[in-house]
Number of protein chains: 2
Amino acid sequence: MKKVSITIKEIARQLGISKSTVSRALRDSSEISEETKQKVIDLAEELNYYPNPIAISLLKNRTQTIGVIVPDIANRFYSSAIGGVEDIAYSRGYHTMIYQSHELLERERSATRHIASRRVDGLVVAISSQSENIDHFASLQEQGIPVVFFDRVSDAMNSHKVRVDDYRGAFDATEHLIKRGCKRIAHIAGPKPVSITRFRLEGYKDALRKHGIEFQEEWVLHSEITQAGGTERTYQLMALRERPDAIFGASDRITMGIHSALRQLGYRMPDDVAVVGFCDLAMSSLLDPPVSSVTQPSFEMGQQAASLLLDLIESKNTPAEFETRVLQSNLVINKSSMRH
Amino acid sequence: MKKVSITIKEIARQLGISKSTVSRALRDSSEISEETKQKVIDLAEELNYYPNPIAISLLKNRTQTIGVIVPDIANRFYSSAIGGVEDIAYSRGYHTMIYQSHELLERERSATRHIASRRVDGLVVAISSQSENIDHFASLQEQGIPVVFFDRVSDAMNSHKVRVDDYRGAFDATEHLIKRGCKRIAHIAGPKPVSITRFRLEGYKDALRKHGIEFQEEWVLHSEITQAGGTERTYQLMALRERPDAIFGASDRITMGIHSALRQLGYRMPDDVAVVGFCDLAMSSLLDPPVSSVTQPSFEMGQQAASLLLDLIESKNTPAEFETRVLQSNLVINKSSMRH
DNA sequence: CTGAAAGCGCTTACAG
DNA sequence: CTGAAAGCGCTTACAG
């Protein structure tokens, strides 16, 4: 199939003037007479002319497009963050291209290659859990394509970062369980290489320490960010000689796994085992019992990351200092942890 | 920030040959000597040269990119379908751009404008429930940008379509409820303008008819495709003097609403009310009780739509005839409808 | 086998 | 106020 489009040349031909004049008239240059301007604009309208953005990209080496890479768009946290990115990008005249890494380093690399070669103007990314090496992002930045991290950030690279106060969120969740009378609080954490796993683990440990509960090595298990992972680790925890009386899950998928495992094993929540997760609300309220959770301002994270990125894109030089924004999470208490 | 890239010109300069020769060598033209070719390829490698796809797009009026518009990427059905589209597109050397309409005609129009102006090569789309008018898609097709519909298709436009056998799915679900002894089977349907709403409604009616159950106007309610919609309509159904003993929900969101409303109102599933929905499996098995559902081959739908689209893009002319592919759905029976 | 030239659709100094 | 020319990075007939 063939595409035909109206060009500036065609307008010039029909009006018997030069392409330069048409171009100037269309961008409302002050050096063109009102009369010519009007003729050009009218004809452009009539012919349904739209400038070819590809030609402009070639000229300016800019595409007015930003990329977003997330592990998985089906995850509500990320789809909502993408909503926030789109919101800001749209209002500032940019388009958003969405990529999924599926937690694979190779897919992430392929996306950055596409971004570089298609001259995407910048990138917002939540790093794949598999990516211990992040040279591909550093290389993008060296090529002059700014990168802003959100949610999953990395210390290995200097750039703007937007994350949630994972430490605080985990601390609050753990302390809440302690105040509800739980004594043996287990934690199913995310994959070790991920930065947020560390922050959350610290928050958990510090809450225990504050309340004089001794930390037990065997109460912390690492898991993939999947429901199956949560289920398996729950089996392992409940098989312990000293069973936990509470489990704190590090992500919504993991928490779904904890929940279904506990139900399947015949435990009652919260009386046998209290549960708190890092979840999205819509999800947690559907379960029976509804799950208490640390909720994150995902939409706002997307907005902030996008706006930091656009500032970078539109400024001439690298900023003197990169910024890390830490947003607050919110503990929502539901039946799964409401012990009497 | 400034981007610098190696061009063909730079390679030509360093090697003291012409741009034309470099270009030919890189595309392995048979008219270039092996020796020159090797020199060019080696230097390109060394300089880390990548051709500028924007320049090629300008030349060919092709971008090797297809668009996908879905109502909502957070919906598992759509995110999985997008996975199928990406799968095929990737293997055939295309990139995928994802747009969300959020069920708004205006957002859908804005996406098609972007697609046209950025010279995206083609579009796969599930129409927004709000879009009774689909001129924006027709206009894309007239501009030579082929459009393939999936899931939400329209009779108002002639093009390839991929949908699920909604009639059969609804028929099977309803017949299953009848065989389990349900006599008063309600149906919470989707928005009226959507094609699949009609197909599913027909399947439901025909199953009743086949088994000699008289169709009751008040047993069918239309709802938005949201959980809140399902909840509201369930209140309305259960408030009827003659309560239904089964509810068949037209989408996963609606079915989640039915489920939570019934539980909240104190009904037991399946004994008081049996429930079947059009759902995604991962979702339905998390609920208590797990929900029986008509599952759809979403990934495969995406694959088929993408491959029909790429065929259109790569063929010179419009095909003599457009094709509608109808895939089979699958009824998975769970506790919510297992009456004794 | 290689190069000079034209052209994809646009913008923008440079002349007039 | 308007136009001719150069150029963004590439490809490809046309010459030689």
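All of these numbers come straight from a predicted model, not from anything done at the bench. Naming: A, B, ... by sequence-line order, numbering from 1 per chain.
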Undergrad: What does B:Ile54 touch in the nucleic acid at a heavy-atom separation under 4.0 angstrom: a base, only the sugar-phosphate, or nothing?
TA: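 Nothing, no heavy atom under 4.0 Å.
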Undergrad: Output yes when at least one side-chain N/O atom of B:Tyr49 is less than 4.0 Å from OP1 or OP2 of D:dC10, else no.
TA: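 For D:dC10, OP1 or OP2 has a side-chain N or O of B:Tyr49 closer than 4.0 Å.
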Undergrad: So, does B:Ser20 get its side chain near the phosphate of C:dA4, meaning an N or O under 4.0 Å from OP1 or OP2?
TA: no
Undergrad: Roughly how many Å is it from CG in A:Asn52 to P in C:dT11, rounded to a whole number?
TA: 10 Å
Undergrad: Using both distances under 3.5 Å as the test, list the Watson-Crick or G-U wobble partner of D:dA4, or none.
TA: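 None - no nucleotide pairs with D:dA4, as no candidate has both distances under 3.5 Å.
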Undergrad: Should A:Arg113 and A:Glu108 count as an ion pair when the cut-off is N to O under 4.0 Å?
TA: no
Undergrad: How would you label the contact of B:Leu59 with the nucleic acid (heavy atoms, under 4.0 Å): base, sugar-phosphate, or nothing?
TA: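 The answer is base, as B:Leu59 lies within the cut-off (heavy atoms under 4.0 Å) of a base atom.
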Undergrad: Starting at CD1 of A:Ile6 and ending at P of C:dC10, how long is that distance when rounded to a whole Å?
TA: 10 Å
Undergrad: To the nearest Å, give me how far apart CZ (B:Arg62) and C1' (C:dG9) are.
TA: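 It is 18 Å, rounded to the nearest whole Å.
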Undergrad: Looking only at side-chain N and O atoms, does B:Thr36 come under 4.0 Å of OP1 or OP2 in C:dC1?
TA: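 So the side-chain polar atoms of B:Thr36 never come under 4.0 Å of the phosphate oxygens OP1 or OP2 of C:dC1.
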Undergrad: Report yes if the side chains of A:Thr324 and A:His160 come closer than 4.5 Å at any heavy-atom pair, otherwise no.
TA: no
Undergrad: How many Å lie between CD on B:Gln38 and P on C:dC1, as a whole number?
TA: 15 Å
Undergrad: Which one, D:dA4, D:dC10, D:dC1, comes nearest to the side chain of A:Arg24?
TA: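 The nucleotide sitting nearest to the side chain is D:dA4.
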Undergrad: Take atom CD1 of A:Ile56 and atom C1' of D:dG9, then tell me their distance rounded to the nearest Å.
TA: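 It is 16 Å, rounded to the nearest whole Å.
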Undergrad: From the list D:dT12, C:dC8, C:dT12, which nucleotide is the closest neighbour of the side chain of B:Arg27?
TA: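 Looking only at side-chain atoms, B:Arg27 lies closest to D:dT12.
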Undergrad: Taking only the side-chain heavy atoms of A:Ala55 (C-beta and beyond), determine which of C:dT11, C:dG9, D:dC10 contains the nearest atom.
TA: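 Nucleotide nearest to A:Ala55's side chain: C:dG9.
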Undergrad: Nearest of D:dC10, C:dC8, C:dT12 to any side-chain atom of A:Lys9?
TA: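 For the A:Lys9 side chain, the nearest candidate turns out to be C:dC8.
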Undergrad: Nearest whole angstrom, please: distance from the C1' of C:dG9 to the NZ of A:Lys60.
TA: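 It works out to 13 Å between those atoms.
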Undergrad: Could you walk me through whether B:His95 and A:Tyr99 pass ring pair (Phe, Tyr, Trp, His ring centres under 6.0 Å), step by step?
TA: CA-CA 10 Å; B:His95 189 75; A:Tyr99 303 80; 4.9 Å; yes
Undergrad: Mind listing the closest non-hydrogen atom pair of B:Leu105 and B:Ser128 along with its distance?
TA: N-OG, 4.1 Å
Undergrad: Which atom names give the shortest non-hydrogen contact between A:Pro51 and B:Arg119, and what distance separates them?
TA: O-NH1, 4.4 Å
Undergrad: Send over the distance from B:Asn61 CG to C:dG7 C1', rounded to a whole Å.
TA: 13 Å
Undergrad: Say you pick atom P in C:dC10 and the same atom in D:dC1; how far apart are they, in whole Å?
TA: 25 Å
Undergrad: Starting from P on D:dG9, measure out to CG on B:Leu26 and report it in whole angstrom.
TA: 15 Å
Undergrad: On a whole-Å scale, what distance lies between the P atoms belonging to C:dG9 and D:dT2?
TA: 24 Å
Undergrad: Please determine if a side-chain N or O atom of B:Ser18 lies less than 4.0 Å away from the OP1 or OP2 oxygen of C:dA4.
TA: no
Undergrad: So, is A:Thr21 near the phosphate of D:dT2, with a side-chain N or O under 4.0 Å from OP1 or OP2?
TA: no
Undergrad: Do any side-chain nitrogens or oxygens of A:Lys19 fall under 4.0 Å of OP1 or OP2 in D:dG7?
TA: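 Negative; the distance criterion is not met.
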Undergrad: What nucleotide, of C:dC8, C:dT11, D:dC10, holds the atom closest to the side chain of B:Leu58?
TA: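 Output: C:dC8.
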Undergrad: What closest approach, in Å, do B:Val120 and B:Thr63 show between heavy atoms, and which atom pair accounts for it?
TA: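 Between these two residues, the closest heavy atoms are CA-OG1, 3.6 Å.
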Undergrad: Return the pairing partner of C:dA13 with a 3.5 Å limit on both distances, Watson-Crick or G-U wobble; otherwise return none.
TA: none
